[in-house]
Number of protein chains: 2
Amino acid sequence: MGRTRHDRFDCSPGCAVEATLSLIDGKWKGVVLYHLMSGTMRFNEIRRKLPNVTQRMLTKQLRELEADGLITRKVFAQVPPRVDYDLSERGRTLEPVILALKTWGDANMPSTGSVAA
Amino acid sequence: MGRTRHDRFDCSPGCAVEATLSLIDGKWKGVVLYHLMSGTMRFNEIRRKLPNVTQRMLTKQLRELEADGLITRKVFAQVPPRVDYDLSERGRTLEPVILALKTWGDANMPSTGSVAA
DNA sequence: CGGAATCCCGTAGGATACTG
DNA sequence: CAGTATCCTACGGGATTCCG
């Protein structure tokens with residue numbers, strides 16, 4: 001999306017808005033963070049939640065989230081491999097924001113899937 | 001950006017998150033919305049708030065926000081022209097979300113401009 | 001003043017194949 | 001299982017010029 005990954009925020013006070021956005025911008029970051037709010041998840045577990053994501057993209061988004069300190073990545077030295085993803089401390093502080101996005105979407109977006117039965 | 005402007009959200013419950021994000025994603029939309037929370041603004045007035053935006057981009061972002069029903073555009077038939085931008089009803093409901101983004105950014109992002117003196 | 005029209009480019013994101 | 005490695009392209013975004 002959006003901005004060229006972490007480019008400088010030249011803006012005035014509203015700057016913080018874009019700064020935060022830059023972290024959760026990325027086609028799948030929002031959903032990933034959302035799902036991780038429910039707890040630890042393995043790679044394919046997350047993947048199953050995003051039917052149309054490719055491994056490449058999911059990996060990339062996860063790595064960026066990790067680089068931004070929002071999630072942690074725990075690799076288990078075993079065969080077959082196992083990698084656990086979790087929200088980091090910092091990531092948890094984002095929960096209200098994610099929830100705000102989700103809540104608004106549910107309430108104001110047409111057919112987001114969470115349509116009342 | 002993120003996502004290819006309003007592409008389908010194939011995701012599960014977290015979908016709403018991306019749906020909301022798709023509306024405020026765009027390099028300047030967040031800030032624009034933020035500033036409009038303070039009240040009506042003319043084109044160049046907004047522009048002055050975003051030192052590095054080009055007219056083309058600002059126009060584009062404003063048009064998209066308008067198309068998404070988040071802001072209103074009032075054109076005055078006079079010379080020189082005058083165009084007022086406002087948050088729409090729907091746009092106002094986004095305020096909590098924008099504020100959440102801004103608040104988190106201020107608290108968790110390094111040098112966003114709002115650094116404590 | 002508030003745009004529209006052009007031209008141009010980087011990169012986010014996808015498709016596919018291979019691997020420890 | 002959880003990734004890399006390549007290749008490819010659409011489009012988000014910028015620079016510049018012209019217009020009512």
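Here the structure is a predicted model, which means the values were calculated and not measured. Each chain gets a letter, A, B and so on, in the order the sequences are listed, and its residues count up from 1. As a basis for the values below, the full set of heavy atoms in this structure was taken, side chains included, without hydrogen atoms, waters or symmetry mates.
Spacing between atom CD of A/Glu64 and atom C1' of C/dG13 amounts to 11 Å, rounded to whole angstrom units. Note: NZ (A/Lys27) to P (C/dA15) measures 9 Å, nearest angstrom. With rounding to whole Å, A/Met57 atom CE is found 19 Å from D/dC8 atom P. The interatomic distance linking A/Leu58 (CG) with D/dC1 (C1') rounds to 13 Å, in whole Å. Here D/dA5 presents its P atom at 11 Å from CZ of A/Arg63, a figure rounded to the nearest Å. Note: CD1 (B/Ile46) to C1' (C/dG2) measures 11 Å, nearest angstrom. Regarding A/Met41, its CE atom lies at a distance of 19 Å from the C1' atom of D/dG3, rounded to whole Å. Taking atom CD of A/Gln61 as the reference point, atom C1' of C/dT11 lies 13 Å away to the nearest angstrom.
A/Glu18 places a side-chain N or O within donor-acceptor distance of the main-chain N or O of B/Gly30, the cut-off being under 3.5 Å. In this structure, B/Ser88 contributes its side chain and B/Gly69 its backbone to a donor-acceptor pair below 3.5 Å. Of the possible donor and acceptor atoms, one in the side chain of A/Arg90 sits under 3.5 Å from a partner among the backbone N and O of B/Asn108. In terms of modelled atom types and a separation under 3.5 Å, the side chain of A/Trp28 and the main chain of A/Val53 share no donor-acceptor contact.
Of the candidates C/dA4, C/dA15, C/dC1, the closest approach to any side-chain atom of B/Thr59 belongs to C/dA4. Listed nucleotides: C/dA15, D/dC1, C/dG13. Nearest to the side chain of A/Asn44: D/dC1. Picking from C/dG2, D/dG12, C/dA15 the nucleotide with the shortest atom distance to the side chain of B/Lys60 gives D/dG12. Closest to the side chain of B/Gln55, out of D/dG14, D/dT16, C/dG2, is D/dT16. Of the candidate nucleotides C/dG3, D/dG14, C/dG13, D/dG14 has the atom lying nearest to any side-chain atom of B/Trp28.
Contact of B/Arg56 with C/dG3 (side chain to base): no donor-acceptor pair of N or O atoms is detected under 3.5 Å.
We find that B/Arg92 and B/Glu95 are joined by a salt bridge, their nearest charged nitrogen and carboxylate oxygen being less than 4.0 Å apart.
Nucleic acid contact for A/Arg47: none, since no nucleic acid atom lies under 4.0 Å from a heavy atom of the residue. Nucleic acid contact class of B/Gln78 (heavy atoms, under 4.0 Å, all strands): none. Residue-level contact check: B/Glu45 touches neither bases nor backbone, having no heavy atom under 4.0 Å from any strand.
Put simply, A/Arg73 has no side-chain N or O that comes within less than 4.0 Å of OP1 or OP2 on D/dA2.
Between A/Leu21 and B/Ile24, the shortest heavy-atom distance links the atoms CD1-O, 3.7 Å. A/Val31 and B/Val17 get closest at one heavy-atom pair: N-CG1, 4.5 Å. The two atoms that bring B/His35 and B/Met41 nearest to each other are O-CE, 3.2 Å, heavy atoms only. Listed here is the closest heavy atom pair of A/Gly39 and A/Asp86: C-OD1, 4.2 Å.
Bending across the helix from C/dC1-D/dG20 to C/dG20-D/dC1, expressed as the angle between its end axes from five pairs apiece, amounts to 60° (10° rounding).
For the segment residues 79-88 of chain A, the set of residues with a heavy atom within less than 4.0 Å of an atom of DNA chain D comprises A/Pro80, A/Pro81, A/Arg82, A/Val83, A/Tyr85, in numerical order.
Qualifying side chain to side chain contact (heavy atoms under 4.5 Å, CB included) partners for A/Arg42, counting only residues two or more places apart in sequence or in other chains: A/Glu45, A/Arg82, A/Asp84.
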